[in-house]
Every structure is written in structure tokens, then in C-alpha cells.
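Data block below; observations after.
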Amino acid sequence: MPFLHANRCVGKHAATPAVGGLAPVAYAKQMAAAYDFQDIEQRWRERWERDGLAVARPDAKREKYYVLEMLPYPSGDLHVGHAKNYTIGDAIARSMRMLGYNVLHPMGWDAFGLPAENAAIQRGIAPAAWTLSNIANMRRQLRLMGTSYDWSREIATCTPEYYRWNQWLFLRLYERGLAYKREAPVNWCPKDATVLANEQVIDGRCWRCDTPVERRNLSQWFLRITEYADRLLDGLEHLDGWPERTRTMQRNWIGKSEGAQFSFAIDGADERIEVFTTRVDTVYGVTFLALAPEHPVVTCIKGLVPPESARAIDAFAESLRSKSELERTSLMEKQGLFTGAYAIHPLSGARVPIWVTNYVLAEYGTGAVMGVPAHDERDFDFARKHALPIVRVIVPTGSSLAADAPSAEAFVEDGTLVGSGAFDGMPSAEARRAIAAELARRGIGNATTNYRLRDWLVSRQRYWGTPIPIVYCEACGEVPVPDEQLPILLPPDAPITGEGSPLARLPSFIETRCPKCGAPARRESDTMDTFFESSWYYLRYLDPRNERAPWAREAADAWMNVDQYIGGSEHAVLHLLYSRFFYKFFHDCGWVSGPDEPFARLFHQGMLLANGEKMSKSRGNVVGIDETAEKNGVDAMRLFLLYVTPPEDTSDWTDEGINGRVRFVNRVWRACEPLAARARSADVRALPVCTTPDEKALVRAVHLAARSLVEETMSRRFHYNTTIARLDETINALTTAVGVAPDSPATLYAVHAVPLLLAPFAPHIADELWSRYGYERSVHLEAALAPEEAALALDEITLVVQVNGKVRARIACAPSISESEAFELAEAEPALRVYLDGKEVRKRFYVPGKLVNFVVG
RNA sequence: GGGGAAGUGGCGGAAUGGCAGACGCAGCCGCCUCAAAAGCGGCCGAGGCAACUCAUGUGGGUUCGAGUCCCACCUUCCCCA
């Protein structure tokens with residue numbers, strides 16, 4: 001490493017008596033105050049662990065505070081990007097403890113998932129062994145960071161003790177009809193060889209490996225999240241502690257739209273075609289029907305048309321079969337084929353040609369769309385391309401445009417109806433109600449609501465996950481495994497090759513007996529989506545060793561809801577939506593009480609770059625926790641991560657930046673440690689009597705920092721960058737004071753206060769100083785320093801004097817100055833003569849204790 | 001195309017509608033040292049000898065007073081399509 005830190009060398013050598021060249025005396029003098037962060041940090045971590053500093057127990061006397069960082073996947077090694085997230089959470093946890101709350105701050109592992117299987121395929125390591133060794137390493141690294149987790153509550157989702165409750169919860173969902181199996185076109189990732197939920201397909205690609213997903217018809221397990229669509233939507237209204245954009249994303253994902261569903265008769269057949277539209281006011285403008293080629297009614301249509309047309313339809317469907325949703329709706333041109341069949345318009349009776357197209361998907365809405373080119377952009381493009389008529393039925397209100405006037409683009413806004421029979425002249429909104437009512441009267445339609453949200457596909461054809469507790473019996477069919485047979489253990493000896501489902505090829509796992517009739521039967525070989533585990537883990541922390549239930553109701557009552565949740569915004573519609581769904585289900589079952597939302601407040605931390613670039617192994621710019629702890633110290637690392645930007649912003653790890661915080665830690669040490677013996681006296685806790693302006697300013701700096709800590713924590717803004725800036729000012733003032741008046745009560749008061757202020761951010765040096773001051777008990781068990789008005793008040797303020805809004809003078813005066821005194825003093829100011837003499841003061845403004853403004857004309 | 005967030009020194013950033021640039025980084029000067037590092041002290045938006053003037057993406061507006069509020073535009077990022 002070319003860049004060797006001076007203080008690291010000092011730290012290493014401090015214990016060695018003589019070092020080359022330097023006389024022992026000079027050496028001792030120079031090194032006396034050196035801060036040996038490595039040994040000291042290590043020692044405190046061990047002591048906190050021994051003392052159970054972070055172990056949480058219910059306590060009726062103190063208000064509870066549940067702060068939680070998103071459960072990490074144990075990928076192997078932590079870097080400073082991960083550290084940012086955990087540092088924010090730990091600063092909050094430590095601050096809240098010192099502010100008197102009973103803090104619960106647990107940690108665990110989202111331990112099932114594909115990377116463990118990939119390690120098995122590539123390196124022949126068993127997924128369990130790989131995962132457990134990663135957990136051991138990451139647990140060590142989290143401890144190294146000085147985080148205050150209650151490790152007695154640690155969980156790993158891949159243990160039978162945890163996943164048996166996955167199975168148990170799955171069965172409860174199954175009993176209530178919320179888990180079901182059906183065949184459907186689903187997203188298939190060819191690389192991971194498994195299906196994916198809609199939420200796990202980002203821009204048509206697998207969220208894990210970025211491979212374009214394919215469509216396949218498969219029989220899969222789903223959870224009926226759509227049953228909760230309205231409640232998931234309505235609940236967002238009250239989540240004031242969530243970022244607005246996350247709520248908006250969930251709203252958009254649920255995608256509720258009010259409209260009408262009705263059907264078109266097919267000319268020459270008994271079947272009908274259902275369509276959904278939010279714009280039923282444009283129904284007289286329908287000039288074609290567009291079907292997804294997979295739509296069931298296509299079979300019927302093929303019977304109505306000549307064989308060559310039927311063959312063309314099949315060929316068209318075949319060409320789209322494996323194309324992803326993204327390709328079909330966004331990337332490809334709008335393709336279509338006239339089937340040769342016609343539908344009958346339900347109101348006008350007109351014959352409407354039926355087309356199959358790539359841009360209508362079988363899985364959305366009804367799989368059929370009424371084509372209104374005059375008033376929908378996609379329909380307009382399609383009609384232009386295929387020379388279909390464009391019939392205008394809405395005109396801008398107040399315009400006299402004729403229905404047959406040619407248009408250059410679709411008019412998609414509301415307006416007034418024309419060419420719409422009895423509905424002519426109606427405004428769009430009224431027409432939507434009237435036409436829906438007319439369709440209902442004729443018995444062919446209804447006003448209805450549509451959602452974009454689909455049911456959650458939870459089965460995976462992979463090994464390293466929770467086995468789904470279902471058995472298939474010839475006689476009894478699909479049979480749920482009884483609770484007393486749980487857990488269904490994941491067999492350790494499945495063949496993991498990356499091809500096909502490992503469990504499906506393991507007879508010792510598959511072959512079983514029917515729980516109902518005892519006949520030979522087959523187990524379900526699919527495992528659960530790992531998002532299943534992470535949708536309820538925050539409850540397991542509350543009662544982690546319970547063997548009779550996933551958690552006891554009393555435990556949930558004592559600790560829920562999560563007061564502050566911290567994690568990346570990439571989970572806005574995945575984990576955060578699934579968890580809300582589960583929690584509402586638990587609420588319905590009576591397993592939790594209180595609000596039916598799991599996370600009262602949500603905080604998304606910003607990314608961390610390294611020297612302006614995204615950290616990645618391929619770039620070779622990953623800054624590891626271990627190296628940083630050794631080189632710079634953990635306290636400096638934590639301070640830097642909190643200081644560099646507000647926590648929600650993207651920040652940049654730089655060598656210069658971390659250096660600045662290393663210097664800060666050393667300055668703290670040099671200012672406080674030499675006075676440790678004198679900071680022991682009892683009277684340093686009371687506000688000191690200050691004799692000079694500098695002393696007054698020093699004590700004020702201490703209380704400004706104390707106030708910032710309380711405000712940033714209690715406001716839930718967590719902009720600790722500003723708190724640490726106040727600490728910088730405190731240490732700057734203290735460094736000067738130590739040089740000038742090391743024995744003054746103000747100096748000793750500040751020296752004593754520093755560890756209390758520093759504790760949430762730099763916990764090690766805070767406790768080390770505290771113990772050197774003579775305290776037996778950890779500083780982290782002390783109450784935070786309460787900001788005091790007496791210390792914050794200024795003896796003298798600077799009154800700014802403006803003329804017409806421009807600063808023309810500054811006057812020192814007492815803070816208690818009255819409005820009339822302020823005007824009097826300002827008008828007497830010689831510097832203002834030039835601006836005021838001979839002019840009329842038309843108005844005067846006074847901002848108490850701050851500013852006077854004269855408006856002259 | 002629609003929606004949202006943000007644009008402040010060389011850099012990261014600070015600023016309940018009231019002294020723009022706190023604090024840090026980088027840089028420059030000095031002290032200490034045989035010397036260097038570390039440390040300590042000072043300077044550090046632009047123009048001007050100065051009084052002052054200009055300056056928070058651009059252009060308008062509200063206000064005694066706007067980085068902050070409103071409108072339009074430009075740029076960047078995020079989400080949706």
C-alpha cells in the first residue's frame with residue numbers, strides 16, 4: 001500500500017520502546033498523545049459484547065423504539081458502501097438509546113437464494129456451507145464496524161428453525177385461499193432456470209442476472225396479493241413517514257383504474273369478447289378490436305374464417321410466443337393481423353374488424369382492447385399503419401370541430417361527445433357514467449375497476465429455498481402437509497447442476513405418502529421465492545426462539561411497528577410491497593394488532609461511490625471494511641460516511657475525505673485525553689461560569705452540537721453531517737482553549753462533554769475517553785447531553801441594518817433589545833447618514849434580534 | 001411522452017423568507033524542524049487601490065427583503081410508459 005498512514009505507524013509502534021534514530025526522550029514526548037485506534041477499538045467492541053450493551057428487553061418505563069436495517073443477503077464480504085447503511089442505522093440506534101428510548105436494533109440474514117447454488121455449481125461448495133461461512137464473515141465485519149445489534153435475536157432464513165414458519169405461514173395462506181396453483185404465462189429466466197414474479201422483471205430483464213426473460217406457460221404457485229390491492233393502495237395515504245416517491249411508485253405499480261368492462265358479440269358465433277376501458281365515453285369511436293394472440297376466443301375465431309387465415313393467425317401467434325412483454329409492448333413495432341372475423345358494436349350495431357396484435361397482452365385486463373384511434377395514441381399509430389378508419393367522437397369542449405375533420409394526432413383529453421347517438425353533447429365525465437349505465441341496462445357490461453397489480457408468483461424451480469409444503473396424491477389431489485409434519489427439510493444431497501429443479505430429481509425427497517389417505521404420493525418440488533422469508537422476518541426478531549409459533553402475539557404487541565426502517569429504494573415495489581401485504585394478512589388473522597402497516601417510517605440511504613465511480617470488483621475499486629478499519633480506524637470511517645453528505649444523497653468515498661476524519665479523531669484525542677484526570681471532578685457536569693467571551697463561545701459550541709444531535713434525531717431528518725460539523729467547531733474551539741486555559745472550568749466542561757456528543761458516531765473513542773475520565777459505566781448508557789438555553793443564549797448579538805434591503809451597517813447590541821430601541825440605535829448609526837439624510841423613511845421592518853430594514857424613497 | 005427530485009466557490013456541502021458559502025477537502029502563506037512528515041496559526045467566490053459592485057442553472061414574477069415562494073425554460077438524475 002503506497003499510502004501508509006502516519007497515525008497507523010504511530011499506533012503500531014507506540015508499544016515499541018525505541019524506534020530508529022529517535023532518542024527515547026524525544027520519542028516519548030512526541031508519541032505520548034498518539035491515539036492507538038486499533039487496540040482501543042478492538043477492546044471496546046469486546047466489552048460491549050460482554051456487557052450485552054445492545055440486548056433489548058421489554059421495559060414499561062421507557063418508550064420502545066424499533067430501528068431496523070433491511071436484512072442483508074450474505075454475499076460474502078462487506079465494503080464501505082454497505083457500511084454507510086449500517087452506520088446510519090447504528091447512529092440512530094445509539095442516539096435514541098441516549099435519548100431515553102428502549103431501543104430494539106436486531107440483525108439477521110436473508111440466507112436463501114441463487115448465489116449459493118451458483119457457488120455450488122461453479123466451485124462445488126454446498127450451498128449451506130457457503131452461506132454459513134459468508135454469514136460468519138459478515139457477522140464479524142458488522143461487529144468490526146462497532147454496530148450495536150442485539151445479536152441474541154439473530155436469525156438466518158435458511159435454517160429449519162426459521163423456514164418451518166415459512167411453511168406454516170404458507171399453509172395459513174393456503175387455508176384462506178390466498179395461495180393457489182394455476183397454469184399461466186409466466187416470466188422465465190433462462191439463465192437462472194426459474195420463473196420470476198412481475199416485480200422481479202426490470203425492463204424485461206431478470207432483476208438478478210439481467211438476462212431477458214421469456215414467456216412460458218407453466219403451472220405455478222401464486223399468492224393472491226390482488227385481494228389486498230385496495231388496502232395496499234389506501235394504506236399509502238397514511239404512511240407520512242415514507243418518501244413520497246416510494247409511495248408514488250407503489251401507487252403506480254398497483255395501477256388502479258376506474259372504467260367499464262363490457263362485451264362485443266362476435267358476428268356468426270355465440271362467444272363474446274370482453275374489453276376493459278377507462279374511456280367508455282369514446283366507445284362510438286371504436287373502429288377495430290385488438291386481441292392478444294393467446295386470447296382464448298382466438299380458437300373460436302379460427303373456426304369462423306378460411307383455413308389459410310387460421311394458419312396465418314397461428315403463425316403470427318407463434319412468432320410472438322417467446323417474446324418478452326417489454327419487446328412486445330415497447331421495443332417492437334406495433335404489428336397486427338386482421339383475423340377475417342367481425343364483432344358487433346354493442347351500441348351502434350356497426351361491424352368492427354377483429355385483429356390480433358403484439359401490443360395487447362393476454363395477462364393484462366381482459367386480453368382484448370377496443371381500438372379507438374381518434375382518442376388513444378397507441379390505437380392511432382396502429383390504425384395509421386394498417387389503414388383503419390379514424391372516427392372522432394370527442395371534441396374539445398366549446399369547439400365546433402366536425403366529427404369527420406381529419407386529425408394529425410389522437411385527442412386524448414376529455415371533451416364533448418359528437419357522433420355518439422343519444423350521448424352527443426355530453427361532457428366526457430358524464431358520458432362515462434351514462435354509457436356505463438346503458439351497457440349495464442342492456443346486461444352486457446358494468447362500471448368496474450381494473451388493477452395493474454398481478455398475483456405474486458412465489459414458486460421457484462430451484463434448490464436453495466423453502467420447500468413448498470404440498471403433496472400430490474392420485475386420489476386426493478393437492479394436499480397440504482399437516483403442521484405437525486413441519487418442517488419439510490431441505491435434503492442436503494440434492495444434485496445441483498444448474499439444469500432442472502434439483503428437488504424434482506431426488507426420489508428420496510419426492511416420494512412420500514399422502515397425509516390424507518396414506519397412499520404413495522409426490523411432494524411439490526418447487527421452493528419459495530426468497531421474498532417470502534423477508535416479508536415477515538421483522539416479526540421473528542421479536543420472538544426468535546419460539547418453537548410453537550412464528551412469534552407470540554405479546555411480542556408483536558410489545559415491539560411493533562418498526563419505528564424506523566432503513567434500506568435502499570430498489571425495493572420500493574418488491575420487498576416493501578410484499579411485506580405490507582403479509583402484515584395486512586397477519587392483522588386479519590389477529591396475530592398482530594395496532595396499525596396494519598409494518599413500517600411506520602422509511603428511510604432510503606443514498607449510494608456510495610468510490611472516487612467518483614460505482615464500486616465494483618471489475619473496476620477494482622472496492623473499498624473493504626477490513627482494510628479501512630485497519631488503516632483509518634472504524635470511528636473515522638463511521639464519521640466520514642455520515643459527514644460527507646446528507647445520508648439520503650449519493651456520496652463519494654475519497655482518500656482525502658477519510659483522511660480529514662482521521663485527523664478529526666486525532667484532534668479529539670489530543671484535546672481531551674491529556675485532561676482526562678482533571679475531567680474526573682464532579683463539578684464538570686454543571687454548566688460552568690464563563691469569564692471570557694471565548695469560554696462562553698466554547699460552552700455554546702458544545703450546546704449547539706448537543707442541540708443538533710437531538711434535533712436531527714427527533715425530527716427523523718438524520719442529517720448528522722450538520723451535527724458532526726458542529727462537533728468540528730466544538731473541537732476547534734476546545735483545541736484553542738486547551739492551549740490557552742487548560743484548567744478553566746469551561747475547558748474541562750467541554751472536555752467532559754465531548755464523549756457524550758461523539759458517542760453515536762465514534763463510539764469507541766467516546767467510551768475510551770469516558771473510561772479515562774474515571775467512569776466505570778459505558779458512555780453509551782449515559783443520557784445524551786441536554787441542550788440548555790442558558791448556554792445557547794448570546795450575551796451580545798449583531799444587529800444587521802439594511803436600507804432598501806442592502807446591508808449598510810452592523811451594530812452590536814443586547815439580545816433583549818426592543819423594536820423601538822433597535823430603530824433608535826440604527827438611525828443613530830453614523831454609517832447610515834449617507835443613505836438616510838434628506839430622505840423620507842417610508843417603512844421600517846424589524847426582525848427581532850436579527851435585522852432592521854429602512855425603506856426610503 | 002407523463003410524473004417526481006435536484007442544480008450554491010476548485011470539490012463535498014451549510015443556510016425557520018432576513019449578514020450566502022458554516023464545517024470539511026484541496027490549494028496558498030507562515031510557525032515549529034537540520035530537513036521532511038505530523039501538528040499549530042493565517043488566507044482562500046469574482047471584479048475593484050478603495051468606498052463598493054456583482055454572484056446560488058437561465059428568464060420573468062411575488063415581497064421592504066428570495067438560494068429559499070410562484071411561472072416558464074435549460075440541464076442532470078430517478079420512476080412510469
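What you see is a predicted model; the values in this text were computed from it and never measured. In what follows, every heavy atom counts, from backbone to side chain, and hydrogens, waters and symmetry copies are set aside. To find a chain, count down the sequence lines: A is the first, B the second, and so on, and within it residues start at 1.
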Main-chain N/O of A:Leu792 paired to A:Arg700 side chain as donor or acceptor, under 3.5 Å: yes
P spacing across the pair B:C23 / B:U68, given as an integer number of angstrom: 24 Å
Nearest-angstrom distance, C1' atom, B:G12 to B:A22: 13 Å
Separation between the P atoms of B:G41 and B:C25, rounded to whole Å: 13 Å
Backbone N/O of A:His719 and side chain of A:Glu712: donor-acceptor pair under 3.5 Å: yes
B:C40 to B:A20 separation - P atoms, rounded to the nearest Å: 31 Å
Anti/syn call for B:G9, syn if |chi| within 90°: syn
For B:G41, the Watson-Crick or wobble counterpart (both distances under 3.5 Å): B:C29
Derivation and outcome, salt bridge (Lys or Arg N to Asp or Glu O under 4.0 Å), residues A:Glu237 and A:Arg251: CA-CA 10 Å; A:Glu237 296 307 317; A:Arg251 252 180 232 119; 3.6 Å; yes
Euclidean distance for C1', B:G1 against B:U62 (whole angstrom): 32 Å
Same-atom distance (C1') from B:C34 to B:C49, integer angstrom: 43 Å
Atom pair distance, as rounded to whole Å: CD in A:Glu244 and P in B:G4: 10 Å
Rounded distance in Å between the C1' positions of B:C11 and B:G27: 11 Å
Donor-acceptor contact below 3.5 Å, side chain A:Arg661 vs main chain A:Leu639: no
Sugar-phosphate, base or nothing in reach of A:Arg808, heavy atoms under 4.0 Å: sugar-phosphate
Nucleotide N/O of nucleotides 20-25 of chain B paired with protein N/O under 3.5 Å:
residue	atom	partner	partner atom	Å
B:A22	O2'	A:Glu729	OE2	2.7
B:A22	N3	A:Arg726	NH2	3.2
B:C23	O2'	A:Tyr643	OH	2.7
B:C23	O2'	A:Asp728	OD2	2.6
B:C23	O2	A:Tyr643	OH	3.1
B:G24	OP1	A:Asn732	ND2	3.0
B:G24	O4'	A:Tyr643	OH	2.5
B:C25	OP1	A:Arg663	NE	3.2
B:C25	OP1	A:Arg663	NH2	2.7

Side-chain donor-acceptor pairs under 3.5 Å in residues 824-835 of chain A, sequence neighbours left out?
residue	atom	partner	partner atom	Å
A:Glu827	OE1	A:Arg844	NH1	3.4
A:Arg833	NE	A:Asp837	OD1	2.9
A:Arg833	NE	A:Asp837	OD2	3.4
A:Arg833	NH1	A:Glu827	O	2.9
A:Arg833	NH1	A:Glu829	O	3.4
A:Arg833	NH2	A:Glu827	O	3.1
A:Tyr835	OH	A:Arg808	NH1	3.2

